[in-house]
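Note on naming: letters A, B, ... go to the chains in the order of the sequence lines (proteins, then strands), and numbering restarts at 1 for each one.
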Amino acid sequence: MVNFKEEERLNTLNHSCAHVMAQAIKHLYPQAKFWVGPVVAEGFYYDVDLGEDVITDESIAAIEKEMKKVCKEGKKIYRREISKSEAMELFAGDEYKLDLIEDLEDGNITVYDQGDYTDLCRGPHVDNTKLCKNFKLVKHSGVYWKGDANNKVLQRVYGVCFPTPEELEEHIKLLEEAKERDHRKIGKDMQLFMVDDLIGRGLPMFLPRGYTIWQELENYIKEKERKLGYQHVMTPCVGTVNLYKTSGHWDHYKENMFPAMEMEGESFVLRPMNCPHHMMIYANKMHSYKDLPIRIGEIAHDFRFEASGTLKGIERGRHFCQNDAHLFVTPEQIADEVSKVVDLIFDVYKDFNITDYRCVLSLRDPADTKKYHQDDEMWNTAEDALRKVLKDLHIEFTEEIGEAAFYGPKLDVNVKPAVGNEYTLSTCQLDFCLPAKFELTYVDKDGEKKTPVVLHRAILGSLDRFMAYILEETKGNLPLWLAPSQVKILPVKNEDEELLAYAEEIRELLDRAGMRVELDARSEKLSYRLREAQIQKVPYILVLGNNERNDRTISYRLHGQQKTTTVSIDAFVEKLTNEIDNKLVAPVEEA
RNA sequence: GCUGAAAUAGCUCAGUCGGUAGAGCACUUCACUCGUAAUGAAGGGGUCGUGGGUUCGAGUCCCAUUUUCAGCUCCA
């Protein structure tokens with residue numbers, strides 16, 4: 001584990017390496033103008049305007065070569081304090097640096113010199129460029145200046161730097177291992193899902209083995225919800241445009257919806273979310289305060305026209321299934337219901353052994369009048385309410401401005417995948433907005449009609465995305481209850497009729513016990529079939545020969561292990577049933 | 001959508017200077033009957049993503065296009 005001091009040292013080194021890269025780029029592209037070059041979680045990057053030039057894989061190699069040269073020269077790095085007017089003069093003609101200097105306070109401006117290169121920087125830096133020699137440029141891309149799609153595209157080059165070549169090597173190895181954990185690779189290798197151009201991009205299809213996992217997840221969460229008083233519904237994947245105009249989604253998100261279909265003078269869209277459908281289910285009848293909370297749940301198919309560059313296997317597609325629910329509550333019930341949702345989230349994370357997550361309270365940006373529903377009082381009430389509940393529950397969270405939904409603040413639980421950026425797995429959103437738009441009511445104690453509050457929540461998020469995460473976390477070695485194939489039976493010989501009969505008897509027995517079991521009696525060597533079963537990541541591999549048949553026992557081997565264990569048939573069934581029913585994340589070994 | 005890269009058999013990939021398509025695995029058949037990660041042999045399988053162009057000749061060079069990948073932006 002890297003401690004804080006070490007991390008600071010590493011950050012300084014990476015920051016200096018960013019300057020070395022900038023210097024090298026300046027040598028190769030004299031017209032280069034630099035924006036910012038910060039240290040990030042995995043190294044550093046620098047954004048640069050190369051005018052007409054762009055960065056390609058070849059130019060990366062050239063830049064690396066030039067950087068080696070800069071490091072070898074080993075120029076001292078000097079820090080200099082300068083005044084704002086000096087800075088303006090030094091960087092005259094560089095609109096990017098001037099833009100940065102504009103926001104800096106006079107008397108608080110420093111530049112760093114190394115040989116023929118000077119950069120505006122607050123530092124700190126290592127004292128010589130030769131310390132930066134253990135680096136690698138890992139990727140590059142075009143980025144919008146200040147992240148705004150209306151601005152000019154700059155070139156961003158990412159790199160990493162370490163004190164020793166060994167640490168650099170180790171880091172590169174880790175990156176490669178992460179690629180092996182990518183759910184898209186696992187999904188292909190294990191035949192879980194597929195995509196096809198003719199079906200359409202962003203539209204993955206679950207194969208039998210993948211759908212088995214999917215169904216287990218569906219059953220799992222629905223059972224949890226049922227016990228907590230949720231009622232499940234099924235609603236259509238299409239709705240009228242008017243439905244989404246009523247909810248407000250049309251104004252906010254129509255660019256990201258599949259376009260409207262006009263039929264018989266009516267306009268329909270594939271639904272991007274289920275809130276409006278569930279609102280109408282609530283509105284279907286009169287409700288008393290005594291009926292609340294009402295919890296409407298659905299494993300719901302949704303369609304969003306995500307930008308092509310954002311599609312990623314089953315983690316983010318244009319069709320997905322939300323583990324969605326809308327809780328209709330009185331204002332007094334908010335705290336209790338949010339707390340139950342939070343409990344459910346962490347209960348589920350415990351079942352799946354998910355420990356590496358981050359809670360975010362996503363708030364509106366009051367300055368963004370376009371995105372957010374305009375009602376200051378509503379926002380203040382909702383944000384304060386949600387913040388208070390989280391604090392009372394002693395949940396550790398950070399607050400992020402401008403991350404709220406257009407209708408209300410939310411608690412997001414974020415995780416990081418093997419490859420790529422953090423995403424939200426679970427969410428709980430507090431909404432004072434949609435119930436009013438749909439004029440939802442309940443009759444309170446005093447006989448007055450009042451507007452309920454709605455909690456939007458998704459625990460597994462989308463089943464597709466959750467599955468992607470679990471595949472990456474487990475590297476495809478799923479717990480028994482989720483494994484597409486739980487037991488593989490390998491008779492030692494396949495021409496011994498009595499042995500085959502015994503293998504078939506065991507297969508039927510396990511099948512009747514509700515297990516997913518396969519018998520592999522092909523005329524291949526045992527070691528061949530065993531190897532295949534291991535590659536398929538089948539948790540339990542049974543090897544049955546005449547020893548087992550004579551004793552009426554079972555010999556099994558766990559995926560990825562060498563050890564063979566022999567037990568009675570009953571003991572084996574009991575062991576597996578226990579493991580499946582209790583959804584254990586790892587097999588229990590006898591003492 | 002934006003910047004860059006890539007696309008060759010079901011999968012993983014090779015294919016040099018432009019000279020007419022390769023391997024391993026998988027699949028089919030035959031032989032082998034085997035006690036814990038690959039038995040041997042033979043065979044089938046490709047309009048080299050798609051469409052144009054250059055050339056005597058294109059998997060290879062050029063243009064367009066589709067899809068995939070990395071990053072950016074976005075994620076109700």
| task | Establish, with yes or no, whether the OP1 or OP2 oxygen of B:C2 is under 4.0 angstrom from a side-chain nitrogen or oxygen of A:K152. | result | no
**Q.** Side-chain N or O of A:T424 closer than 4.0 Å to phosphate OP1/OP2 of B:C75
**A.** no
Checklist entry - Under 4.0 angstrom, heavy atoms only, what part of the nucleic acid is A:V419 near: base, sugar-phosphate, or nothing? => result sugar-phosphate
*Checking all strands, does A:Y45 fall into the base, sugar-phosphate, or nothing category for heavy-atom contacts under 4.0 angstrom?*
nothing
Practice item. Classify the nucleic acid contact of A:R557 as base, sugar-phosphate or nothing, counting any heavy atom under 4.0 Å across all strands shown. Key: base
Sugar-phosphate, base or nothing in reach of A:Q536, heavy atoms under 4.0 Å: nothing
Scanning all shown strands, the Watson-Crick or wobble mate of B:A37 with both distances under 3.5 Å is none
| query | Phosphate oxygens OP1/OP2 of B:C75: is one of them under 4.0 Å from a side-chain N or O of A:K371? | reply | yes
Inspect the contact between A:E95 and A:K152 and indicate whether a charged nitrogen and a carboxylate oxygen are less than 4.0 angstrom apart. no
Checklist entry - Base, sugar-phosphate alone, or nothing: which one does A:S523 contact when heavy atoms must sit under 4.0 Å apart? => result base
Categorize A:V492 for me: base, sugar-phosphate, or nothing, with a 4.0 angstrom heavy-atom threshold over every strand shown.
base
Judged by nearest nucleotide, the residue sitting upstream toward the 5' end of RNA chain B, A:G142 or A:R318, is A:R318
- What does A:K525 touch in the nucleic acid at a heavy-atom separation under 4.0 angstrom: a base, only the sugar-phosphate, or nothing? base
* OP1 or OP2 of B:U36 less than 4.0 angstrom from a side-chain nitrogen or oxygen of A:R529, does that happen here? -> no
How far does the P atom of B:G15 sit from the matching atom of B:G19, given to the nearest Å? 13 Å
Original post:
Are A:D148 and A:K146 ion-paired here, with the side-chain N under 4.0 Å from a carboxylate O?
Top reply: no
Checking N1-N3 plus N6-O4 or O6-N4 for Watson-Crick, or N1-O2 and O6-N3 for wobble, each under 3.5 Å, the partner of B:C75 is none
Re B:A64: Watson-Crick or G-U wobble partner, both distances kept under 3.5 Å, found to be B:U50
When rounded to the nearest Å, what value does the distance between C1' atoms of B:A7 and B:U33 take?
44 Å
Using a cut-off of 4.0 Å on non-hydrogen atoms, how would the nucleic acid contact of A:T56 be classed: base, sugar-phosphate, or nothing?
sugar-phosphate
Is the closest basic N to carboxylate O distance between A:K312 and A:E472 below 4.0 Å?
-> no
### Message
With a cut-off of less than 4.0 Å, is there a side-chain N or O of A:Y528 near OP1 or OP2 of B:A26?
### Response
yes
Discussion item. So that I can tick it off, tell me whether A:R531 and A:E524 are bridged by a salt bridge, with the cut-off set at under 4.0 angstrom between side-chain N and carboxylate O.
Written reply: no
Any strand, both distances under 3.5 Å, Watson-Crick or G-U wobble: B:G44 pairs with none
Discussion item. It should be established whether A:Y556 places a side-chain nitrogen or oxygen under 4.0 Å from OP1 or OP2 of nucleotide B:U36.
Written reply: no
**Prompt:** Any side-chain N or O of A:N421 under 4.0 Å from OP1/OP2 of B:C74?
**Reply:** no
Notebook entry, point to check: Centre of A:F305's six-membered ring, under 6.0 Å away, within 45 degrees of the axis: is that where NZ or CZ of A:R318 sits?
Noted result: yes
(message) Base, sugar-phosphate or nothing for A:G248? Non-hydrogen atoms, less than 4.0 Å.
(response) nothing
Exercise. Just call it for A:N547: base, sugar-phosphate, or nothing, with non-hydrogen atoms closer than 4.0 Å on any strand.
Key: base
Sorted by chain and residue number, the salt bridge (charged side-chain N to carboxylate O under 4.0 Å, His left out) partners of A:R387 (sequence neighbours excluded) come out as A:D384, A:E399
> Below 4.0 angstrom, N of the basic side chain to O of the carboxylate: do A:D368 and A:R364 qualify?
Replying inline: no
(request) Could you work out the separation of B:G59 and B:C74 based on their P atoms and round it to a whole Å? (result) 44 Å
Do A:N494 and B:U33 have a side chain to base donor-acceptor pair shorter than 3.5 Å?
yes
As its Watson-Crick or G-U partner within any shown strand, both distances under 3.5 Å, B:G24 has B:C11
- [ ] Identify whether any heavy atom of A:A307 sits under 4.0 Å from a base atom; if not, whether one sits that close to sugar-phosphate; answer base, sugar-phosphate or nothing.
- [x] base
5'-most contact on RNA chain B (nearest-nucleotide basis), A:G560 vs A:K254, goes to A:G560
Note to self: Regarding A:K179, tell me which of base, sugar-phosphate or nothing describes its non-hydrogen contacts under 4.0 Å with the strands shown.
What the structure shows: nothing
Subject >> A:K179 with A:E176: basic N within carboxylate O range, under 4.0 Å >> reply: no
What contact category does A:V153 fall into here, base, sugar-phosphate, or nothing, at under 4.0 angstrom with non-hydrogen atoms?
sugar-phosphate
Q) Touch check for A:Y423, heavy atoms < 4.0 angstrom, all strands: base, sugar-phosphate only, or nothing? A) nothing
Per the O4'-C1'-N9-C4 / O4'-C1'-N1-C2 angle with a 90° window around 0, B:C17 comes out syn
On the nucleotide B:U33, are OP1 or OP2 found under 4.0 Å from the side-chain N or O atoms that A:R522 carries?
no
Requested in this report: Look at the side-chain N and O atoms of A:K188 and state whether any lies under 4.0 Å from the OP1 or OP2 oxygen of B:U12.
Outcome: yes
Any side-chain N or O of A:R184 below 4.0 angstrom from OP1/OP2 of B:C69? yes
Re B:G4: Watson-Crick or G-U wobble partner, both distances kept under 3.5 Å, found to be B:C69
task: Pick the P atom in B:U66 and in B:G24, then give their distance to the nearest Å.
output: 37 Å
